[in-house]
Amino acid sequence: MNSNRNNEIIQEIKAKNDIVSVISEYVSLKRSGRSFVGLCPFHNEKTPSFNVNQDKQFFYCFGCGVGGDVFSFMMKIENLEFKDAAKRLAERAGVDWPEFTAGSEANRRKEVYFKINHLAAALYSQYLLKTDAGNIARNYLTKRGIRSELWQKFQLGYAPPSWDTLTDTIRKKGLPLQPAEELGLVVMGSNGYYDRFRNRIIFPITDSQGRIVGFGGRLIEAGEPKYLNSPENILFHKGKFLYGLSVAKDSIRRAKKGIIVEGYLDVIQAHQAGFTNTVASLGTALTREQARLFKRFAPEVILAYDADTAGQNATLRGMDILDYAGLTVRVLKLPPGYDPDSFIKDNGGTEFKKRLDNAQGLIDFKISSILSKYDLSAFQGKKSAVEEILPVLSAIDNDVVREHYLRMIVRETGFSENAVQTELRKWRSQNRLRPSFLDRKSETSYTNQISSKASAHNVYDHSVELSPLQKAIFEAEKELLQSALQEYDKLKRINEELKPEEFRFEIWRNLFLQIKELIFLADNTVDTTALINELGGGVRETAAALLAEKEIKNRTFNFEQIINYLKMLHLKEKIEALTMRITTGRNDSGQTLTDDETKQLLAQITELNRTLKRDYPQFSGL
């Protein structure tokens, strides 16, 4: 189907899904003048800053900067790709969806993969629930204390010991085996394909919509490997999913918090005990993608990893990742030798809830974990503990909070507050980060850059402080694209004036690259007013957020001034980078500058300053 027809259907879906009506299904909105306001569902707030403009059909949060159209909202609130969000809205409005999706080869290919996964899950479930061969699996789950209703809730299954049960079923259904091999369900041997999962309890892994993307299989009897998981493939990327999210997301939303555990049985046992807001990170290596995924459903998380050393190390790593994503993080401590599954079985849900209620905050857990490692009755132990705690203290932005923990450390170690303060100042001085000048990388989504600590201006990665010059470049690049979106002549001018690599921030570079490919490299006649619908994934979300901010804030721009301002900033950036080399006394290779090299750098700086004053006198004071 051609692009124009696709856009017609997108516009029809948009016209039949009033943004106020859609958002009201998730957020309580009240009219305020010409707009509607409510509490933002994407960050924690007590005063409403989430604004929905019915006339312009955009939403924008003045607290965290998230914004977009009705598709953007559905993508973000339900964690959907654009196609799936459009399909959901089409169904809501009664728009004929198959007409829109028919032409995509990639979509057709994915549907085959999903069909094979769902066929495999149905077969494994049937073997668990209805066959004599499944007795061994039913007995195993019963001994583990998992009731049969949970088997069905999580679509558990059993892969029999035979080598061809699934292989033959796929053949009989007329489906190809090569995609099944890519999905990790069958393996090619010397005599043809055979089943990869055999004599294992099967745990289907779903995306947030409930579609099966992969499988985990646990051996029932002795053998290796104990767990066998789907390989990375077209549907499954382990670090992008949370086990159990499709059945837990509503509870997580209602509670405004959730629990993250390690394993499949930890999740199932927790749900059985009533903790239905529990998901698993598919192992201990929590990723940023998983943290961002979780944050779409709630602002607070409790980590409940195993009490062993690996689990505690994973907790420390996971806490930082979750904090980086802007979540409020607490940690549940279990007795040695326990995981959530075994603790609930032995002690019951009431005791588990007590521990959840008493879960420590991020800083408390870090400091107590460090203090517990050392002998605080010995001078060296106290000294080592303080040295390890200094980075934790340094990362605390709030002076009052930092002083609270400083006094805690003084009480525990016996050192004076002045001594610890002095060491903290030394540590900060020695470990001050110098951010890169020429290629500041950011998240792939504009809205994902908003710090969850949610001050309106804090749109940067808060792990590394940007210099004033870098902040100016970030804003100039943003405003340049924001002013030009949907206007062909301005986009053409940017294409003529700037190379993609001259965009210092990856988020804006990626947006411009997609625009360039759609309009200037493929001889496309893309209607720039509908350009946003042609952009893929996170880039569409970025563009929609820019348009929403522009429309709701009624922003106007002097396009020519922005281009000149950005070029001036690029010159300043070069001067600053050369100045840094002279200051450090080292060249790009890290070698000490010679006198001649220093003179050459000074000459370049002088020439660049002349160019700056000659070409951009209007910005000379900046």
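In terms of heavy atoms, Ile77 sits closest to Pro41 at CD1-CB, 3.9 Å. The two residues Leu322 and Ile260 come nearest to each other via the heavy atoms CD2-CD1, 4.2 Å. Residues Ala133 and Tyr158 approach most closely at O-CE2, 3.3 Å, considering heavy atoms. When all heavy atoms are compared, the tightest approach of Val27 to Gly38 is CG1-CA, 4.4 Å. Across Arg200 and Pro225, no two heavy atoms sit closer than the pair NH2-O, 2.9 Å. Nearest heavy atoms, Phe42 versus Phe50: CE1-CE1, 4.2 Å.
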Requested in this report: Could you give me the CA-CA distance, side-chain angles and deciding distance for Lys366 and Asp323, then say whether salt bridge (Lys or Arg N to Asp or Glu O under 4.0 Å) is met?
Outcome: CA-CA 13 Å; Lys366 283 187 173 183; Asp323 181 57; over 6 Å; no
Requested in this report: Please report the C-alpha distance between Ile363 and Val392 in whole Å, then the side-chain angles of each, then the deciding distance to 0.1 Å, and finally whether the side-chain contact (heavy atoms from CB on, under 4.5 Å) criterion is met.
Outcome: CA-CA 7 Å; Ile363 302 168; Val392 180; 4.1 Å; yes
Requested in this report: Report the C-alpha distance between Asp168 and Arg171 in whole Å, list the side-chain angles of each, state the deciding distance to 0.1 Å, and finish with yes or no for salt bridge (Lys or Arg N to Asp or Glu O under 4.0 Å).
Outcome: CA-CA 5 Å; Asp168 287 348; Arg171 282 198 183 102; 3.5 Å; yes
Report task. Check the pair Leu334, Asp306 against side-chain contact (heavy atoms from CB on, under 4.5 Å), reporting the backbone distance first and the verdict last. Result -> CA-CA 7 Å; Leu334 293 172; Asp306 297 0; 5.9 Å; no
Requested in this report: Starting from the C-alpha separation in whole Å, work towards a yes-or-no answer on side-chain contact (heavy atoms from CB on, under 4.5 Å) for Leu356 and Phe275.
Outcome: CA-CA 10 Å; Leu356 285 173; Phe275 305 99; 3.7 Å; yes
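Salt bridge present: Lys16 and Glu12 bring a charged side-chain N and a carboxylate O closer than 4.0 Å. Glu182 and Lys110 are not joined by a salt bridge, as no carboxylate oxygen comes within less than 4.0 angstrom of a charged side-chain nitrogen. Using a 4.0 Å cut-off between charged nitrogen and carboxylate oxygen, Lys354 and Asp357 do not count as a salt-bridge pair.
Of the possible polar contacts, one joining the Arg196 side chain to the Gly184 backbone as a donor-acceptor pair under 3.5 Å is found. A donor-acceptor contact shorter than 3.5 Å links the side chain of Arg138 to the backbone of Leu128. Using a distance-only test at 3.5 Å, with no hydrogens or angles considered, a donor-acceptor pair links the side chain of Asp195 to the main chain of Thr167. No donor-acceptor pair under 3.5 Å is formed between the side chain of Arg330 and the backbone N or O of Asn358. The main-chain N or O of Ser162 is never found under 3.5 Å from a side-chain atom of Thr165 such that the two would form a donor-acceptor pair. Put simply, the side chain of Gln290 gets close to the backbone of Ser281: a donor and an acceptor are under 3.5 Å apart. Side chain of Lys249 to backbone of Ser208: a donor-acceptor contact under 3.5 angstrom is found. Under a 3.5 Å cut-off, the side chain of Glu351 and the backbone N or O of Gly348 do not form any donor-acceptor pair.
Side-chain contact between Leu303 and Phe365 is absent, with no heavy-atom pair separated by less than 4.5 Å. Counting heavy atoms from C-beta on, the side chains of Leu156 and Ile268 come closer than 4.5 Å. Residues Phe154 and Thr206 fail the side-chain proximity criterion, which asks for heavy atoms closer than 4.5 Å. Residues Phe114 and Ile212 form no side-chain contact, since every pair of their non-hydrogen atoms from C-beta on lies 4.5 Å or further apart. For the pair Ser230/Leu183, no side-chain contact is recorded, criterion being any heavy-atom separation below 4.5 Å from C-beta on. Taking the side chain as every heavy atom from C-beta outward, Phe58 and Asn51 never approach each other to under 4.5 Å. Side chains of Val52 and Tyr60 form no contact here, defined as non-hydrogen atoms less than 4.5 Å apart. No side-chain heavy atom of Phe294 sits under 4.5 Å from any side-chain heavy atom of Leu245.
With no hydrogens or angles considered, no side-chain donor-acceptor pair links Tyr305 and Asp339 at under 3.5 Å. Side chains of Asp69 and Ser72: a donor-acceptor N/O pair is present below 3.5 angstrom, by distance only. In this model, a donor atom of one side chain and an acceptor atom of the other lie less than 3.5 Å apart for Gln272 and Gln269. Counted by atom type alone, Asn233 and Tyr113 present zero donor-acceptor pairs between their side chains at under 3.5 Å.
Looking at residues two or more places apart in sequence or on another chain, you find no side chain to side chain donor-acceptor pair (under 3.5 Å) involving Ser28. With sequence neighbours left out, Asp266 forms a salt bridge (Lys or Arg N to Asp or Glu O under 4.0 Å) with no residue at all. In this structure, the side-chain contact (heavy atoms from CB on, under 4.5 Å) partners of Trp163, at least two apart in sequence or on a different chain, are Tyr194, Arg198. With sequence neighbours left out, Asp364 forms a salt bridge (Lys or Arg N to Asp or Glu O under 4.0 Å) with no residue at all. Considering only residues two or more places apart in sequence or on other chains, Glu25 meets the salt bridge (Lys or Arg N to Asp or Glu O under 4.0 Å) condition with Arg92.
By the 6.0 Å contact criterion, CG on Asn398 is enclosed, its count of non-hydrogen atoms from other residues, nucleotides or ligands being greater than 12. Within a 6.0 Å radius of NZ in Lys373, more than 12 heavy atoms belonging to other residues, nucleotides or ligands are found. Other residues, nucleotides and ligands contribute at most 12 non-hydrogen atoms within 6.0 Å of the CG atom of Asp397.
For residues 228-245, no pair satisfies salt bridge (Lys or Arg N to Asp or Glu O under 4.0 Å), with sequence neighbours left out.
A cation-pi arrangement, defined by a distance under 6.0 Å to the six-membered ring centre and an angle within 45 degrees of its axis, is absent between Arg218 and Phe203. For the pair Lys333 and Phe343, the cation does not sit on the ring face, since its NZ or CZ is not both under 6.0 Å from the ring centre and inside 45° of the axis.
A centroid separation of less than 6.0 Å is found between the aromatic rings of Phe73 and Tyr26.
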